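Just so it is clear, the structure is predicted and the values come from calculations on it, not from any experiment.
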Amino acid sequence: MRLDKYLKVSRIIKRRTVANEACDAGRVSVNGRPVTEMGTKVRPGDAVTVDGAPAEPEKRKYYILLNKPAGVLSSVKDDRGRECVVDLIKGINARLYPVGRLDYDTTGLLLLTNDGDFMQKVTHPSFEIWKTYRAVVKGVPDESDVKKFAEGVLLDDGKTLPAVLDVTGYQGNNAIAEVCIREGRNRQVRRMLEKIGHPVIRLMRIGFGSLELGDMKEGQWRHVSPEEIRRLTEER
Ligand code: URA
């Protein structure tokens with residue numbers, strides 16, 4: 001990248017004329033040597049300073065919505081060499097991390113980002129955003145099961161917050177249900193459904209706050225716009 005562009009994206013000197021003056025005055029250094037030519041190329045790993053202060057380009061923030069396939073880990077890397085969600089996102093020059101997790105066998109909406117503040121905010125227990133799942137379950141839950149969800153289900157790690165269970169269809173003797181929860185405990189939906197006697201056969205996350213999976217195919221991903229991120233973080 002040219003030095004003038006580098007200084008601009010690092011936001012250390014916003015105006016080109018000021019950058020030129022700083023350069024002319026020998027205030028800009030690359031790898032410890034003053035540089036007066038704005039067309040000088042800055043390469044990855046070069047140390048650029050202005051008046052001795054490091055100039056680093058502001059990192060672009062990425063927010064990615066992935067339809068996670070089954071059989072892929074919600075992590076960055078695996079000691080046993082299994083495929084991880086970050087392996088599915090090609091062409092992004094940033095260290096991405098999954099926002100929370102989906103089980104190995106769960107499919108659907110998973111966010112990935114390199115924005116640490118955003119990550120902390122949405123994974124904090126106090127950020128009780130609604131997450132929506134479509135589950136195929138054994139048998140057919142009835143009104144008393146719906147009530148149990150609405151009151152919170154007692155699990156090994158305590159009673160859950162009130163949740164929503166809605167039977168939306170049937171597959172032979174089994175049901176298709178939508179489940180909404182506001183927490184993110186380990187295997188929570190599977191444990192809640194197991195507890196009421198309707199274990200999960202298949203599980204897919206279809207909503208995360210205002211974000212929807214829509215008709216994305218497994219393995220597909222898209223960028224989430226800053227407007228969608230704003231709505232997500234402000235909607236509670
Ligand atoms: N609840 C589960 O049981 N599994 C998931 O992957 C997500 C929520």
Side-chain angles (χ1 to χ4, degrees), residues 63 65-75 84-85 97-113 116-171 173-214 216 218 224 228-229 231-236:
Y63 309 93
L65 190 164
L66 167 73
N67 184 348
K68 176 195 161 309
V72 179
L73 281 175
S74 296
S75 46
C84 297
V85 284
Y97 295 90
V99 178
R101 327 166 39 93
L102 291 178
D103 300 335
Y104 191 64
D105 289 329
T106 302
T107 61
L109 195 164
L110 183 66
L111 288 175
L112 295 104
T113 187
D117 293 339
F118 172 76
M119 170 79 83
Q120 260 203 326
K121 181 166 188 170
V122 299
T123 54
H124 195 273
S126 66
F127 191 76
E128 293 170 357
I129 197 151
W130 286 102
K131 277 132 333 217
T132 307
Y133 296 83
R134 182 171 300 142
V136 180
V137 300
K138 226 169 176 343
V140 179
D142 60 17
E143 274 312 307
S144 75
D145 296 316
V146 171
K147 193 154 167 271
K148 284 178 199 156
F149 264 54
E151 286 168 354
V153 177
L154 185 59
L155 301 176
D156 293 346
D157 51 357
K159 196 172 178 182
T160 70
L161 287 176
V164 179
L165 172 64
D166 186 19
V167 174
T168 57
Y170 304 92
Q171 257 182 22
N173 294 330
N174 300 324
I176 301 168
E178 277 194 18
V179 174
C180 301
I181 59 169
R182 277 188 289 160
E183 298 157 284
R185 300 192 207 173
N186 192 27
R187 299 178 72 82
Q188 181 169 343
V189 174
R190 290 175 195 272
R191 288 191 292 140
M192 289 172 82
L193 286 163
E194 174 97 44
K195 186 69 192 271
I196 62 162
H198 297 284
V200 163
I201 298 169
R202 266 205 316 279
L203 187 62
M204 181 198 311
R205 180 152 73 190
I206 57 172
F208 188 89
S210 50
L211 292 175
E212 289 178 4
L213 184 63
M216 281 172 66
E218 284 182 27
V224 179
E228 287 177 294
I229 291 297
R231 217 179 317 138
L232 183 69
T233 49
E234 286 177 3
E235 72 187 7
R236 286 174 318 124

*Are the side chains of Lys148 and Lys195 in touch, meaning some heavy atoms are under 4.5 Å apart?*
no
*Any donor-acceptor pair under 3.5 Å linking the side chain of Arg205 with the backbone of Leu109?*
yes
*Could you go through the salt bridge (charged side-chain N to carboxylate O under 4.0 Å, His left out) check for Lys147 and Glu151 one step at a time?*
CA-CA 6 Å; Lys147 193 154 167 271; Glu151 286 168 354; 3.5 Å; yes
*With Asp156, which residues qualify under side-chain hydrogen bond (donor to acceptor under 3.5 Å, both in side chains), at least two apart?*
none
*Check whether any side-chain heavy atom of Asp105 sits under 4.5 Å from a side-chain heavy atom of Leu203, and report yes or no.*
no
*Keeping the roles fixed (side chain from Thr160, backbone from Val153), state whether a donor-acceptor pair exists under 3.5 Å.*
yes
*List for me each residue that meets salt bridge (Lys or Arg N to Asp or Glu O under 4.0 Å) alongside Asp117, sequence neighbours excluded, and say none if there are none.*
none
*asked:* Any donor-acceptor pair under 3.5 Å linking the side-chain atoms of Arg202 with those of Thr107?
replied: no
*Checking Lys68 side chain against Thr106 main chain: does a donor-acceptor pair fall under 3.5 Å?*
yes
*If you count the non-hydrogen atoms of other residues, nucleotides and ligands that lie under 6.0 Å from CG in Asn173, is the total more than 12?*
no
*List the steps and the verdict of side-chain contact (heavy atoms from CB on, under 4.5 Å) for Phe208 and Leu65.*
CA-CA 10 Å; Phe208 188 89; Leu65 190 164; over 6 Å; no
*Side chain of Thr168, backbone of Ile176: donor and acceptor closer than 3.5 Å?*
yes
_Just checking Arg190: does its CZ atom have more than 12 heavy atoms from other residues, nucleotides or ligands closer to it than 6.0 angstrom?_
yes
*Would you call Val164 and Glu178 a side-chain contact if the rule is heavy atoms closer than 4.5 Å?*
no
